[in-house]
Amino acid sequence: MARAQGGQPSSLFDAAEEQAARAAAPLAVRMRPRTIGEVIGQRHLTGEGTPLRKLADNDAPMSLLLWGPPGTGKTTLAHVVSLSTRREFVELSAVMAGVKDVRAAIDAARRRLGLTGQQTLLFIDEVHRFNKAQQDALLPAVENRWVSFIGATTENPFFSVVGPLLSRSLLLTLEPLTEQDIAEVIGRALSDERGLAGAVTLQDAAREHLIRLAGGDARRALTYLEAAALGLPSGGTIDVETLERAVDRAAVRYDRDGDQHYDVISAFIKSIRGSDVDAALHYLARMIEAGEDPRFIARRLIVHASEDIGLADPSALQAAVAAAHAVEFVGLPEVRINLAQAVIHLSLAPKSNAVIKAIGAADADVKAGLAGPVPAHLRDAHYQGAGKIGHGHGYEYPHDFEGGIVGQAYAPDAIAGRRYYEPTQHGAEARYAERAERIRAVLGKLAQPGPS
């Protein structure tokens with residue numbers, strides 16, 4: 001969508017059209033702040049002297065990434081910045097748009113800048129849904145300042161946004177709104193002419209319940225409030241019963257696309273890691289009841305089986321993978337039983353994080369440049385001429401030796417003697433710990449220093 005310069009309608013017809021559109025818009029859209037001063041919450045971003053405020057007040061070229069939970073004001077901030085800077089505002093959703101749409105918006109911005117001198121603010125909602133090629137398409141426009149770019153994401157941009165775009169953008173983190181912030185949002189919507197304009201009132205108990213249901217999400221609070229108000233077409237008072245009738249399955253405080261999604265899955269994994277089987281089953285039931293994709297749950301169990309259990313119970317990974325297969329073969333509602341079995345298995349299993357620590361230490365050395373050439377005796381000697389350059393010379397075949405182990409160098413010289421896998425004494429891993437020490441002794445590495 002695009003808006004005329006400075007957000008002002010270009011004619012009386014446009015003004016009437018815009019007013020009609022606003023009247024038909026959802027309450028959350030009608031109540032969107034028009035200035036930075038109207039923004040509720042995020043005072044660390046909107047206060048005097050903050051980077052965002054300086055960019056907006058000085059009409060400076062900008063590239064921003066807004067990271068925070070849903071309903072905390074990412075789209076709102078983009079809108080009010082565009083209004084204050086009088087840039088042409090172009091909004092794309094990464095759910096619907098592709099590279100073609102991005103390039104078309106950039107080409108239009110370049111033409112506008114060349115013909116009229118007017119700058120464009122390109123806002124991309126849910127930018128984390130763009131793949132690498134789609135995000136890379138933004139780089140020339142950001143680099144050359146053909147547009148001022150604002151991207152909004154609910155996911156950690158260090159994992160979901162490509163490095164070149166991240167390095168060219170100022171990262172601003174939004175915080176969940178407090179209960180006081182949500183109360184202010186509700187109060188303004190009840191009284192403001194753009195909102196309900198005093199047509200309904202809200203009982204104190206219903207207000208407290210609405211604040212709880214919102215979970216720090218202003219959009220959710222306004223959506224629920226509007227649904228309750230529609231149940232009173234002639235006006236009146238919204239009580240708890242009216243509110244609960246308006247909110248579908250209000251008892252389950254979980255949004256599979258929102259912040260509760262991340263909070264509940266985090267609590268789920270931490271409960272399994274902490275061996276609290278009952279808490280883990282509670283969060284499993286909560287996710288299933290809220291309509292979470294069971295494949296997502298199964299994937300998290302597979303990761304957890306290696307990250308937090310590993311060889312302390314090698315069957316944990318098998319149980320998690322089996323549950324993932326059950327999801328595909330059985331489906332809901334019956335597959336909740338298979339998932340529950342895997343959750344119980346993983347919760348009660350002995351725990352070890354030795355696997356993730358081992359690959360993490362090895363990865364850190366590789367990134368630090370500790371690699372070096374592969375020892376000559378381990379290099380591929382199957383192709384013609386390999387022997388002439390020493391490939392494979394001196395390699396000793398382990399199966400020719402007692403126990404299937406022979407003392408020879410396997411690692412590059414740069415990491416000789418470094419130990420990445422440090423098994424615990426938990427569960428079955430105690431056996432692996434003993435065997436690892438015996439093997440290292442044969443290989444002649446036992447006395448060597450570990451990784452720094």
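Only a predicted model underlies this, so the values are computations on that prediction, with no experimental measurement involved. Numbers here are sequence positions counted from 1. Excluded from the calculations below are hydrogen atoms, water molecules and symmetry mates; all remaining heavy atoms, backbone and side chain alike, are included.
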Quiz prompt | Residue pair Leu66 / Ile150, side-chain heavy-atom distance below 4.5 Å | solution = yes
Self-check item: Backbone N/O of Gly68 and side chain of Thr72: donor-acceptor pair under 3.5 Å
Solution: no
Quiz item: Of all heavy-atom pairs between Leu27 and Gly195, which one has the smallest distance, and what is that distance?
Solution: CD1-CA, 3.6 Å
Practice problem: Could you tell me which residues satisfy side-chain contact (heavy atoms from CB on, under 4.5 Å) with Pro33, sequence neighbours excluded, listed by chain and number? | Solution: Glu38, Val39, Thr76, Val80
Quiz item: Going from CG on Leu348 to OG on Ser275, what distance comes out if it is rounded to the nearest 0.5 angstrom?
Solution: 7.5 Å
Quiz item: With side chains defined as the heavy atoms from C-beta onward, is the minimum distance between Phe89 and Leu83 less than 4.5 Å?
Solution: no
Practice problem: Take Tyr224 and Glu226, measure what side-chain contact (heavy atoms from CB on, under 4.5 Å) needs, and give me the verdict at the end. | Solution: CA-CA 5 Å; Tyr224 290 171; Glu226 183 176 32; over 6 Å; no
Quiz item: Is there side-chain contact between Arg220 and Leu225, with at least one heavy-atom pair below 4.5 Å?
Solution: no
Exercise. Sequence neighbours left out, what pairs pass salt bridge (Lys or Arg N to Asp or Glu O under 4.0 Å) with at least one residue falling in residues 148-173?
Key: Glu143-Arg168
Exercise. Apply the test side-chain contact (heavy atoms from CB on, under 4.5 Å) to residues Leu139 and Val142: give CA-CA distance (whole Å), side-chain angles for both, the deciding distance (0.1 Å), then the verdict.
Key: CA-CA 5 Å; Leu139 294 177; Val142 173; 5.6 Å; no
Quiz item: With a 4.5 Å limit on heavy-atom distance, are the side chains of Ile272 and Asp308 in contact?
Solution: no
Practice problem: Sort and list the pairs that fulfil salt bridge (Lys or Arg N to Asp or Glu O under 4.0 Å) and have at least one residue in residues 344-357, not counting sequence neighbours. | Solution: none
Practice problem: Name all residues meeting the salt bridge (charged side-chain N to carboxylate O under 4.0 Å, His left out) criterion together with Asp125; count only those two or more places apart in sequence or in a different chain, and write none if there are none. | Solution: none
Quiz prompt | Flag side-chain contact, heavy atom, 4.5 Å: Leu45 against Thr50 | solution = no
Quiz item: Taking atom CG of Asp276 and atom NZ of Lys270, what is their separation to the nearest 0.5 Å?
Solution: 14.5 Å
Quiz prompt | Sole candidate of Leu65, Leu121, Leu64 that passes side chain to side chain contact (heavy atoms under 4.5 Å, CB included) when paired with Phe149 | solution = Leu65
Practice problem: Evaluate the side-chain proximity of Leu77 to Thr46: yes if any heavy-atom separation is below 4.5 Å, no if none is. | Solution: yes
Quiz item: Any salt bridge between Arg43 and Glu48, counting N to O under 4.0 Å?
Solution: no
Quiz item: Just wondering, do Phe123 and Val81 contact through their side chains at under 4.5 Å, heavy atoms?
Solution: no
Exercise. Determine the sole option in Val162, Val99, Val102 for which the side chain to side chain contact (heavy atoms under 4.5 Å, CB included) test with Gln134 is passed.
Key: Val99
Practice problem: Please name all residues satisfying side-chain hydrogen bond (donor to acceptor under 3.5 Å, both in side chains) with Asp136, sequence neighbours left out, ordered by chain then number. | Solution: Lys132
Donor-acceptor contacts, no H, no angles, side chain residues 331-345, under 3.5 Å, sequence neighbours left out:
unit_1: Arg336; atom_1: NH1; unit_2: Pro333; atom_2: O; d: 3.0
unit_1: His345; atom_1: NE2; unit_2: Asp313; atom_2: OD2; d: 3.0
unit_1: His345; atom_1: NE2; unit_2: Ser315; atom_2: OG; d: 3.3

Exercise. Side-chain contact test, heavy atoms from C-beta onward, threshold under 4.5 Å: evaluate it for Leu138 versus Val147 and give yes or no.
Key: no
Self-check item: Leu311 and Tyr421: CA distance, side-chain angles, deciding distance, side-chain contact (heavy atoms from CB on, under 4.5 Å) verdict
Solution: CA-CA 11 Å; Leu311 294 176; Tyr421 178 53; 3.4 Å; yes
Quiz prompt | Least distance between heavy atoms, Asp101 atom then Met96 atom | solution = OD2-O, 4.4 Å
Quiz item: With sequence neighbours left out, what residues match Glu307 under side-chain hydrogen bond (donor to acceptor under 3.5 Å, both in side chains)?
Solution: none
Exercise. For Asp217 and Arg219, indicate whether the former's side chain and the latter's backbone hold a donor-acceptor pair under 3.5 Å.
Key: yes
Quiz item: Which value, rounded to the nearest 0.5 Å, describes the distance between Leu172 atom CG and Leu174 atom CG?
Solution: 7.5 Å
Quiz item: Which pair of heavy atoms, one from Leu92 and one from Ala105, lies closest together, and at what distance?
Solution: CD1-CB, 4.3 Å
Quiz prompt | Distance (rounded to the nearest 0.5 Å) between Ser84 OG and Ile36 CD1 | solution = 5.0 Å
Self-check item: Partner set under side-chain hydrogen bond (donor to acceptor under 3.5 Å, both in side chains) for Ser148, not counting sequence neighbours
Solution: Arg87
Quiz item: Which atom pair, heavy atoms only, marks the closest approach of Leu210 to Ala221?
Solution: CD1-O, 3.8 Å
Quiz item: By salt bridge (charged side-chain N to carboxylate O under 4.0 Å, His left out), which residues pair with Arg110, not counting sequence neighbours?
Solution: none
Exercise. For the residue pair Arg112 and Thr120, confirm or rule out a side-chain donor-acceptor distance under 3.5 Å.
Key: yes
Quiz item: If you take all heavy atoms of Leu222 and Ala28, which pair is closest and at what distance?
Solution: CD1-CA, 3.7 Å
Practice problem: Return the set of residues passing side-chain hydrogen bond (donor to acceptor under 3.5 Å, both in side chains) with Glu193 (not counting sequence neighbours), or none when no residue passes. | Solution: none
Exercise. For Asp192, check salt bridge (charged side-chain N to carboxylate O under 4.0 Å, His left out) against everything at least two apart and list the hits.
Key: Arg194
Practice problem: Check whether the side chains of His128 and Ser160 place a donor and an acceptor atom closer than 3.5 Å, and report yes or no. | Solution: no
Quiz prompt | Any donor-acceptor N or O pair under 3.5 Å, side chains Arg32, His79 | solution = yes
Exercise. Indicate the atoms forming the closest heavy-atom contact of Ser271 with Tyr283, along with that distance.
Key: OG-CE1, 3.6 Å
Practice problem: With side-chain contact (heavy atoms from CB on, under 4.5 Å) as the test, would you mind laying out the steps for Gln119 and Leu113 before giving the verdict? | Solution: CA-CA 6 Å; Gln119 296 182 333; Leu113 184 62; 4.0 Å; yes
Quiz item: Is it true that atom NE2 of His325 has more than 12 heavy atoms of other residues, nucleotides or ligands lying nearer than 6.0 Å?
Solution: no
Practice problem: Using the test salt bridge (charged side-chain N to carboxylate O under 4.0 Å, His left out), find all partners of Asp363 that sit at least two apart in sequence or belong to another chain. | Solution: Lys367
Quiz item: In Å and rounded to the nearest 0.5 Å, what is the CZ to CZ distance from Arg295 to Arg299?
Solution: 7.0 Å
Exercise. Measure the spacing between CD of Glu175 and CH2 of Trp67 and express it to the nearest 0.5 Å.
Key: 11.5 Å
